[in-house]
Amino acid sequence: METIERTVSTVASSSSSSSSKKFAFSVEESQHSFKTTDKNITVVCTEGKHDRGSSKIKLVNVVNFKWEQKNYPGRLIACHKDCFLLAYSIRVTKQSKSESMVRVAHLDLPERGLIKGLSDEILDLQFSHNSTYDCLLGIIDRTTLHVHKVLVKGDKVTTALKVKIVDPLDGHVPLCDRITWCPYLSDGNDYSDDFAKELLVWTRGSTFQCYSISALTKSYIDTTDLKASDIEEGGFKANDGDATIT
């Protein structure tokens with residue numbers, strides 16, 4: 001009690017009959033916590049040599065949720081048509097190196113998925129139009145198309161890389177790079193047209209590339225490291241003159 005009495009002083013309030021207790025904390029004191037039931041309390045702490053947080057803790061911004069203020073022709077956030085799955089791009093900094101990632105979440109589940117290994121800035125992302133429990137997520141950066149299968153099992157959301165196509169364009173400046181899944185509506189029977197529901201178009205400048213994910217997985221043994229120039233089945237690449245495809 002001696003320590004408490006030395007660091008707590010009662011100050012009479014001029015506006016009411018209630019009193020205010022003041023707790024003064026100092027670096028020289030060994031007592032750093034006090035118990036009280038009073039409702040009117042003033043806490044006085046010693047000043048630290050820091051801008052925010054504790055002066056003994058070094059803060060490092062690991063995940064950057066602040067997107068740069070500029071025009072984004074593509075999507076930074078994607079929502080599945082069933083409105084349960086959500087994906088958004090984030091930027092992670094590690095030892096002065098930056099890496100792009102995509103967080104995938106289900107609105108009704110606590111566990112979230114994380115897609116890593118995207119070295120360049122994410123330009124666009126979009127879910128395919130098939131069901132929530134059997135959907136694909138397409139992601140593009142400056143030179144690469146990534147397609148991940150999104151799995152919802154139990155209370156977890158997991159992802160698995162299904163197709164990766166690398167295709168750098170000489171001198172290309174990404175102004176309106178987009179990925180678009182072809183709309184797919186089931187006719188209600190038990191037959192599922194994988195070719196139609198897994199068909200996408202990747203546009204960059206005047207270049208457009210069309211791929212069927214199901215056809216690629218059937219035609220090639222390893223689809224996680226493809227080069228566009230080596231693809232003979234399951235897709236094609238064309239150019240529309242000098243006009244930018246929007």
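Throughout, residue positions are numbered sequentially from 1 according to the sequence presented.
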- prompt: Can you check side chain to side chain contact (heavy atoms under 4.5 Å, CB included) on V201 and Q209, steps first, answer last?
  reply: CA-CA 6 Å; V201 176; Q209 294 156 256; over 6 Å; no

When rounded to the nearest 0.5 angstrom, what distance separates [atom1] in [X] from [atom2] in [Y]?
| X | Y | atom1 | atom2 | result |
| --- | --- | --- | --- | --- |
| S89 | L76 | OG | CG | 4.5 Å |
| H129 | T180 | NE2 | OG1 | 8.0 Å |
| I231 | F236 | CD1 | CZ | 12.0 Å |
| C176 | I245 | SG | CD1 | 9.5 Å |
| Q126 | I77 | CD | CD1 | 14.0 Å |
| I165 | L226 | CD1 | CG | 6.0 Å |

- prompt: So, D242 and S206: side-chain donor and acceptor under 3.5 Å apart, yes or no?
  reply: no

query: Are R178 and T203 linked by a side-chain donor-acceptor pair shorter than 3.5 Å?
result: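 The criterion, which ignores hydrogens and geometry beyond distance, is not satisfied for T203 and R178.
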
task: Given side chain to side chain contact (heavy atoms under 4.5 Å, CB included), test L216 with Y211 step by step and report yes or no.
output: CA-CA 8 Å; L216 289 173; Y211 297 105; 4.0 Å; yes

Establish whether [X] and [Y] are linked, either directly or via other cluster members, by ILVMFWY side-chain heavy-atom contacts under 4.5 Å.
| X | Y | value |
| --- | --- | --- |
| L123 | V104 | no |
| I139 | W202 | no |
| L136 | Y220 | yes |
| W181 | L199 | no |
| V102 | V152 | yes |

Carboxylate-amine/guanidinium proximity below 4.0 Å for [X] and [Y]:
| X | Y | result |
| --- | --- | --- |
| E121 | K70 | yes |
| K162 | E198 | yes |
| K21 | D38 | yes |
| R142 | D177 | no |

Contact check, side chains of [X] and [Y], non-hydrogen atoms, under 4.5 Å:
| X | Y | value |
| --- | --- | --- |
| T36 | F23 | yes |
| D141 | I122 | no |
| I115 | L137 | yes |
| L145 | I179 | yes |
| T223 | K164 | no |
| M101 | L118 | no |
| V157 | L109 | yes |
| T143 | D167 | no |

Donor-acceptor pair, side chain of [X] and main chain of [Y], under 3.5 angstrom:
| X | Y | result |
| --- | --- | --- |
| D82 | F84 | no |
| S100 | D120 | yes |
| E99 | R91 | no |
| R75 | L125 | yes |

- prompt: Does the side chain to side chain contact (heavy atoms under 4.5 Å, CB included) test come out yes or no for T207 and K237, once each step is laid out?
  reply: CA-CA 7 Å; T207 301; K237 178 179 177 181; 3.7 Å; yes

query: Using the ring of each side chain (for Trp, its six-membered ring), is F127 parallel, tilted or perpendicular to H80, with breaks at 30° and 60°?
result: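 Perpendicular.
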
task: Report the C-alpha separation of I90 and L114 in whole Å, then their side-chain angles, then the decisive distance to 0.1 Å, and conclude whether the side chain to side chain contact (heavy atoms under 4.5 Å, CB included) test is met.
output: CA-CA 10 Å; I90 58 178; L114 183 63; 4.2 Å; yes

message: So which atom in A215 and which in G234 form the shortest heavy-atom distance, rounded to 0.1 Å?
response: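 Here A215 and G234 meet closest at CB-CA, 3.8 Å.
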
